[in-house]
S.K.: 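First, the structure itself, so that you have it in front of you.
Excluded from the calculations below are hydrogen atoms, water molecules and symmetry mates; all remaining heavy atoms, backbone and side chain alike, are included.
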Amino acid sequence: QVDAAHSWTKLTTAGTHTDLSEADLQTGLGATIASNQTINLGNGDWIPTSHEDLVFKYIANGVIHTGVVGYTGNNDSPYAIGDLNVDGVINVADWVILRTNQLSNLSSLSLTQAYRLGDVTGDKISDHADFVAFKAAYDAVNGAGSFVAMVASIPEPTTSILILAAGSIALPVVRRRGSRA
């Protein structure tokens, strides 16, 4: 509620993350917003990302104006490009998100939702360009060559599966040999 003195109607569709709209439909008087006044838009609808893309528009005297939006949280600093889980650091957890969703179809998602699944470039496509952008962001924050070192330190899931598969084949062979003796 911008102004509790009037009956505001939430126009935003439930579950949407791309629109936060309210209107004073009952009286049509709206609200008076003082210069430098702060209005909390809530915490439930905004998905934290490096895309600080909220636009505040209001009508005064029949003219549409654009207000200033300030993001709070994260110590009032924007989230870094590449911090996909927005925990304040670009690390292996972000790489796992990007790798897990690589080549996924993100076209039906908002820019913010797609970003949180690894669309670093903002084109709603999870592809090689996102990998390159993430690698550059990772190295910029963690030091040159740190991305390669991080990836080299993580065992590939397919390697683990191959080891398990080889173990399940070799184990019965060993048992057969033991039972013949």
S.K.: Are Val132 and Val151 linked, directly or through intermediate hydrophobic residues, by side-chain heavy-atom contacts shorter than 4.5 Å (ILVMFWY only)?
M.R.: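 Same cluster: Val151 reaches Val132 through Ile, Leu, Val, Met, Phe, Trp or Tyr contacts under 4.5 Å.
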S.K.: What are the two closest heavy atoms between Tyr115 and Val120, and how far apart are they?
M.R.: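 Taking every non-hydrogen atom into account, CD1-CA, 4.2 Å.
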S.K.: Hey, any chance Ile90 and Met150 share a hydrophobic cluster, counting ILVMFWY side chains that come within less than 4.5 Å of each other, even indirectly?
M.R.: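 Shared cluster, yes.
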S.K.: Find out if a path of hydrophobic residues (ILVMFWY) with successive side-chain heavy-atom gaps under 4.5 Å connects Phe131 to Val148.
M.R.: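 Different hydrophobic clusters.
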S.K.: Looking at every heavy atom in both Gly88 and Asp83, which two are closest together, and how far apart are they?
M.R.: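 Scanning both residues completely, I find the closest heavy atoms to be N-OD2, 2.8 Å.
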S.K.: Considering all heavy atoms of both residues, which atom of Ile81 and which atom of Ala137 are nearest to each other, and what is their separation?
M.R.: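 Between these two residues, the closest heavy atoms are O-CB, 3.4 Å.
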S.K.: Leu84 and Asp94: which non-hydrogen atoms are nearest, and at how many Å?
M.R.: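 Here Leu84 and Asp94 meet closest at N-OD1, 2.9 Å.
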S.K.: For a quick test of reading the model, state the closest non-hydrogen atom pair linking Ile97 to Arg116 and the distance between them.
M.R.: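 In terms of heavy atoms, the two residues are closest at CG2-O, 3.3 Å.
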S.K.: Taking it one step at a time, do Ile154 and Arg99 satisfy side-chain contact (heavy atoms from CB on, under 4.5 Å)?
M.R.: CA-CA 12 Å; Ile154 302 171; Arg99 184 187 66 198; 4.1 Å; yes
S.K.: Which pairs with one or both residues in residues 126-138 pass side-chain hydrogen bond (donor to acceptor under 3.5 Å, both in side chains), sequence neighbours excluded?
M.R.: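 Listed by first then second residue: Thr121-Asp130.
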S.K.: If you group Ile, Leu, Val, Met, Phe, Trp and Tyr by side-chain heavy-atom gaps below 4.5 Å, do Val141 and Val92 land in one group?
M.R.: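 Yes, same cluster.
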S.K.: For Leu109, which fellow cluster members are found when Ile, Leu, Val, Met, Phe, Trp and Tyr are connected by side-chain heavy-atom distances below 4.5 angstrom, either directly or through intermediates?
M.R.: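 In the cluster with Leu109 are Leu106, Leu117.
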S.K.: CZ of Phe147 to CH2 of Trp95: how many Å apart, nearest 0.5 Å?
M.R.: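 Atom-to-atom, Phe147:CZ and Trp95:CH2 are 4.0 Å apart.
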S.K.: Could you tell me the separation between the CG atom of Asn142 and the CG atom of Asn91, rounded to the nearest 0.5 Å?
M.R.: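 The CG atom of Asn91 is 8.0 Å from CG of Asn142, to the nearest 0.5 Å.
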